[in-house]
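Predicted model, so just to flag it, every value in this text is computed and none were measured. Labels below follow one simple rule: chain letters A, B, ... track the order of the sequence lines, proteins then strands, and each chain is numbered from 1.
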Amino acid sequence: MFLAQRLLQLTLLLLWAELLISGHLYVLAAIAIPAILLLSLQPHSLVRSHLNWITLVCLLGWTITAITKQENPTTWFTSLANLLWLMASLKLLESVQKRSPRSSALVLLLSIGLAGIFNQNLSASLLQGSCALLCIAALVALEAGPQPLASLLRRSLMLFAIVMPIVLTCFLLLPRLPALWSLPGSRASRTGLSEYLRPGELASLVQSHGMAARVRFSGPPPPPEQRYWRVLVHRQFDGYGWSQGPSLPLAKEQTIPDATILQQWLVEPSQLAWRPWSGHGLPNTTGLRINSGGGLWGGAPLRQRGSYGIVANAKGDDWRKLPPTATDLALPEGSNPRLEILGNSWRQQSTNPVRRLQLARNWFDSQPFNYTLDPGRLPRQSPLDAFLFDRQRGFCEHYAASFSALMRAAGVPARVVVGYQGGRWQQPLGTDTYLLLKNSDAHAWSEIWLPRRGWVEVDPTSWVVPNRVRHSLAASLNDSDRRLLEQRAPAWLQVLTNQWQGLDTRWQLWVMQFDSSAQERFLLPLLHGQRQWQGLIAVAAIGLGFTGAITLIASINHRQSQQDAARLALKDCLIPLAKLQIRPATGETLQQFCQRAAVAIPEQEQLIKCISLHYNSYRFDSNPSPTAQQLRRLRQQLRAIKAELWYYVRKQKDLA
Amino acid sequence: MGFAEWLKGLQRRLGRTTPQLVLGHRNLYILPSSFGGLWLLSCVALYLMGINGGSNSPVLLAFLMAALLLLSLFLTHFNLQGLKLQVHPQRLSFAGQDQVYAIKAISKTWRPNIKWRWLQPGAPAQQRQHIRPGQQLVELRWHPPQRGRHLPGRLLIHTTAPLGLFRCWCYWEPPEPIWVAPARQQGPVQLFVSANNQTAKLSSAPNKQSGSDLFEELRPWRSEEGLQRIDWKARARGRGWVVKGFSDIGSSELWLGPDLQLPLETALEHLCDRLCQEAAAGKAVGLRLPDSTKLPPASGRQHLERCLKVLAQLPLPGCS
């Protein structure tokens, strides 16, 4: 009972630590759970008599917290989860006071499962698995009585190992039910791209090192200057910032059977309904559609880590050929007068959009622009004028926004695209290589419409700082700015982090993102398209798994019954003698065997006779039956004899 | 036939009354425990949580718990299957005292948390015990209803190990009776001393030493007994310190009987106590009862047990 309680307390502590680190605990739960845990360490009559009051106070606190958090409607699920975690700690307190920890273990298992919705990365999953193991060990401890912790954990691990093939079979083969309703689940990312692009916004975002996405390629990755991953397409300019504007039509979902997946994306939770992609190919995951602006629409904000593949599209990218609308040329008159004048001057110099683009590049090249993470706040009045003609210090969104506005002033349809550029190529040992995109890779660039070519990407930032695109953001910054980007972790830790992220990527893609479509992809080739056999095969495989598990347990039991610990120790001790071809004969007692062996090896006579002496005294002197201590002593004695016999055997071999 | 009678008949059929019971498929029953039911509900809840929350962690946990549930069906059954139970000679005991009913359990494997419970009303609380490999004496508390020769009744043997998800059980009615002598209570008894038709006082108890030529038993030696009766031959052969007990066939015989002035049960209680006292003192006594039952004077444990069994068997007042 005591051991079970301690194991459950450890489980709650680990769960609390995981939830605290991931930031899903409300302040109330973050404080109350360890406090309740402390109270549960020692049964106390005062606590027992005031258990109802403690529960009432916790519930009251939770109600107040939940009401204050209801500004965001998606937090109700987090509130309920906090309530369950709080109740799990209270149940544990009750079980310690009233000695009934079994139901507490069950509530903790539910809490672990709930934590699995919020935290899905590899480290969290491992922690959750350990918590589940501790809960099972606590249940075993309740039934098996007092025993050493190591033995208890060994038994629990053995149970885990025996059922694991069955669990994997169920996971891989059992048909997945579709979601009956949608849980809000995890929070969206706290940092990330937003729907409205204000000047200076990306500059602060890139200082966050949070992970944004991971991409695996079927072939080699594209060269650095082609690594543009689009997310949002901003078409509406209000004189200060950019937004998406009127919604564009979505293309029909297309499925391309047997197409090779060019890119496999694993995207972190995001507040946006748009997913990053390269702009080439087609998504092969249901629910993803491309709009006429070239954005990949996921239908809803990504509340969980998501995965999708992009396959090749032989027909080319349809969205690039869709002609611009009036929105793509709109420029609020008088919002940035100097910019309008400059753009107009290019319009008058040439009617050819390509020539106007060249004039813009020439102008950007001629100006002393400074690329910086700390551009300062732009004035609300004529912000782009202030950037282009006065300050000339800016980050990528300043250049992209200004260039797109200039192009519109010059009569060329233009828009701003926000997404990621570059990324870090990760090559962890033993796992697949992938491209890691962080928030610090956030980038903005422009797209202009050129007749006969369609929408063409233009990155004015690359004109100002070519290293930004060819190398990395850090390479394009001055020393003071680079310090803002620096990670404080030492190099060795970064290497370890990269390795861990590699494993995490594999975990995410193989396990966490294994949904019904992934199951279909996995099973169809194995079933040769005969999907109707899936249920039968699943049932047969699970039955086989259980048969194997039961056979294994029965054979372990049989082995234990046939050969007890003392017998095994004796068998082990006689191995060195077997090396010298001295083996027990059929019907020979241990004493007779030892006498025979002593005659064969007279130098070790005393030692060999000790085997029989110790074993027989253990077997027959103990009244009524040997204790664990006596067994331990016998094992030690036999081990010592074995070591000496081994030494003798080796010496004999060396002499030979 | 009413439902209660049918249930009783069923219970009778379920209970085994053989002196040895090997637990197996024919006599073991298994059903999910209430905790197992909650566990199953939790599996369903976790699975729903997983598929609706878009996370595979709860789904994996649900599969793990479901697999453990199914596996523990077999593990719980294995925990009792193959256990051999044998009746064991029971010690004579006294009414009104908590007693122990011993059962020999023979197992090849370690069996954790086996619970034992007598099914009679007012039976002691359930006992739990871990069964070690080999032979083990399981001592179960038992409340004797009154003096007499009793069968212990129906025993429920059950387990929920290893996870508490299933409850596996069987019934057994051990056929070995337990003798319950009247409760011990100090008080007057009738004394009859017959030595050539002369009445003697209690203090003139016959000298055992001179008349102790009928060997009765061997029993462990106690230091206060002196060295006279130690079996030195046995000691020399390494059998430990034992004392020879002898029946008394002396010429002066002490007989005890119930005091007929008192109610029978009280008189028997007094007699029972006196018999024990005399036996502890090593004196030879005979038993003479109103129904003309006689046990000739002797000493030793076996004689005492014979006497107490006779007292235990006397018809209870009000019974024909």
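Under the 4.5 Å side-chain criterion, counting only non-hydrogen atoms from C-beta, A:Leu106 is in contact with B:Met65. Between A:Ile117 and B:Asn52, every side-chain heavy-atom pair lies at or beyond the 4.5 Å cut-off. Residues B:Trp39 and A:Leu139 have side chains in contact (heavy-atom distance under 4.5 Å, counting atoms from C-beta outward). Side-chain contact check for B:Asn56 versus A:Asp515: every heavy-atom pair is 4.5 Å or farther apart.
Atom CG of A:Leu142 sits about 8.5 Å away from atom CZ of B:Phe35, to the nearest 0.5 Å. Here the CG atom belonging to B:Leu46 is positioned 7.5 Å from the CG atom belonging to A:Leu109, to the nearest 0.5 angstrom. B:Leu70 CG to A:Ile542 CD1: the interatomic distance, rounded to the nearest 0.5 Å, is 9.0 Å. In this structure, A:Gln120 CD and B:Ser57 OG are separated by 6.0 Å, a value rounded to the nearest 0.5 Å.
Within the 4.5 angstrom heavy-atom criterion, atoms from both the backbone and the side chain of B:Leu64 approach chain A. Neither the backbone nor the side chain of B:Arg111 comes within contact range of chain A, judged by heavy atoms closer than 4.5 Å.
With sequence neighbours left out, the salt bridge (Lys or Arg N to Asp or Glu O under 4.0 Å) criterion links A:Arg176 to no other residue.
Among A:Gly113, A:Gly306, A:Ser103, the residue with the largest count of heavy-atom pairs under 4.5 Å with chain B is A:Gly113. Chain A forms the most heavy-atom pairs under 4.5 Å with one residue out of B:Leu137, B:Thr159, B:Asn113, and that residue is B:Asn113. Listed options A:Val140, A:Val511, A:Leu110 were ranked by heavy-atom pairs under 4.5 angstrom with chain B; first place goes to A:Leu110.
Heavy-atom contacts from other residues, nucleotides or ligands closer than 6.0 Å to NZ of B:Lys115 number more than 12.
Residue pairs meeting the ring pair (Phe, Tyr, Trp, His ring centres under 6.0 Å) criterion with at least one partner in residues 65-90 of chain B, sequence neighbours excluded, are B:His25-B:His77.
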Donor-acceptor pairs under 3.5 angstrom involving side-chain atoms of residues 160-173 of chain A: please list them, not counting sequence neighbours.
unit_1   : atom_1 : unit_2   : atom_2 : d
A:Thr169 : OG1    : A:Pro165 : O      : 2.5

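Scanning residues 162-170 of chain B against chain A with a 4.5 Å heavy-atom cutoff picks out B:Pro162, B:Leu163, B:Gly164, ordered by number.
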A:Leu159/B:Leu75 under side-chain contact (heavy atoms from CB on, under 4.5 Å): CA gap, chis, key distance, verdict: CA-CA 10 Å; A:Leu159 262 182; B:Leu75 292 178; 3.5 Å; yes
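Closest non-hydrogen pair, B:Ser55 versus A:Gly116, comes out as OG-O, 2.8 Å.
Donor-acceptor pairing under 3.5 Å is recorded for the side chains of B:Thr160 and A:Glu143.
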